[in-house]
Number of protein chains: 2
Amino acid sequence: MEIREIFAANLKRCRKAKGLSQEDLAHRAELDRTYISALERCVYAASIDVVARIAKVLEVKPSDLLSGHGD
Amino acid sequence: MEIREIFAANLKRCRKAKGLSQEDLAHRAELDRTYISALERCVYAASIDVVARIAKVLEVKPSDLLSGHGD
DNA sequence: TTTAACCACGGAGTATTCTCGTCATTCTGT
DNA sequence: ACAGAATGACGAGAATACTCCGTGGTTAAA
């Protein structure tokens, strides 16, 4: 599984767990709504800076967003 | 601690643990030597694609490179 | 049927990462 | 002290992340 897919899946799961829309998350993390959408579709390889900003909003560790199923 | 610093510290530690120079690592991960140097100095925010490529060479999980002291 | 919320997707522009060449500096071993 | 290896530093350009504008599709509720 590609790292982008792992990140996308974790992002989507954590976002929904918090009951946030892509737009809610984008606003709170000061990112663009279409960019969040693109990240969940593996269009881009996010920089670790945005991983950290998203993790903060979702109240998880940055490393959690890069962790696959059995880690 | 900034995410770049955490990544830089983990990168440097894991690289030395494998006995690799920046140039060795760069070559094996198909990255530029001066870029590895810059990453260890927190000049750039690496994309998750390069985190994954570096992690593979260093035989650690990508998430390990973003983990701070007590995670 | 309308209205609203949510999301996929395109294009164009800006900002940043990443590559490459080069030279300077520091470190290591003899 | 010296030579060679490893790293730091810098500028220029290519590649890609990221923003901002909009359009259309789906689903659920009024």
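Whole-Å rounding puts the B:Arg41 CZ to C:dT17 P distance at 13 Å. One atom, CD of B:Glu23, and another, C1' of C:dT22, lie 14 Å apart when rounded to the nearest Å. Between the CD atom of A:Glu30 and the P atom of C:dA15 there is a distance of 17 Å, rounded to whole Å. What separates CG of B:Asp32 from C1' of C:dG21 is a distance of 9 Å, to the nearest Å. Between the CD1 atom of B:Ile54 and the C1' atom of C:dT17 there is a distance of 13 Å, rounded to whole Å. The nearest whole Å value for the distance from the CD1 atom in A:Ile48 to the P atom in C:dT17 is 9 Å. The nearest whole Å value for the distance from the CG atom in A:Leu25 to the P atom in C:dA5 is 18 Å. In this structure, the NE2 atom of A:His27 is 11 Å from the P atom of D:dC20, given to the nearest Å.
Between the B:Asn10 side chain and the B:Ile6 main chain, a donor and an acceptor come within less than 3.5 Å of each other. Of the possible donor and acceptor atoms, none in the side chain of B:Arg4 sits under 3.5 Å from a partner among the backbone N and O of A:Asp49.
Side-chain nitrogen and oxygen atoms of A:Gln22 include none within less than 4.0 Å of the OP1 or OP2 phosphate oxygen of C:dA5. Between B:Arg33 and D:dA6 there is no side-chain N or O to OP1 or OP2 distance below 4.0 Å. Applying the 4.0 Å criterion to OP1 and OP2 of C:dT17, one finds that B:Ser47 has every side-chain N and O outside that range.
Crowding of A:Glu5 atom CD: a count of heavy atoms from other residues, nucleotides or ligands under 6.0 Å exceeding 12.
Between A:Ala46 and B:Lys12, it is B:Lys12 whose nearest contact on DNA chain D lies nearer the 5' terminus. Positionally, the nearest nucleotide of DNA chain D for B:Lys16 lies more toward the 5' end than for the other of B:Tyr44 and B:Lys16.
In this model, no side-chain donor or acceptor of A:Thr34 finds a partner on the base of C:dC9 within 3.5 Å.
The closest side-chain donor-acceptor pair between B:Ser37 and B:Arg33, if any, does not fall under 3.5 angstrom.
Across all strands shown, A:Arg4 has heavy atoms under 4.0 Å from sugar-phosphate atoms exclusively, and none from any base. Nucleic acid contact for A:Ala38: none, since no nucleic acid atom lies under 4.0 Å from a heavy atom of the residue.
The side chain of A:Ala45 has D:dA17 as its nearest neighbour among D:dA17, C:dA8, D:dT19.
Test A:Arg13, A:Lys16, A:Arg15 against A:Glu40 for salt bridge (charged side-chain N to carboxylate O under 4.0 Å, His left out) and you get one pass: A:Arg15.
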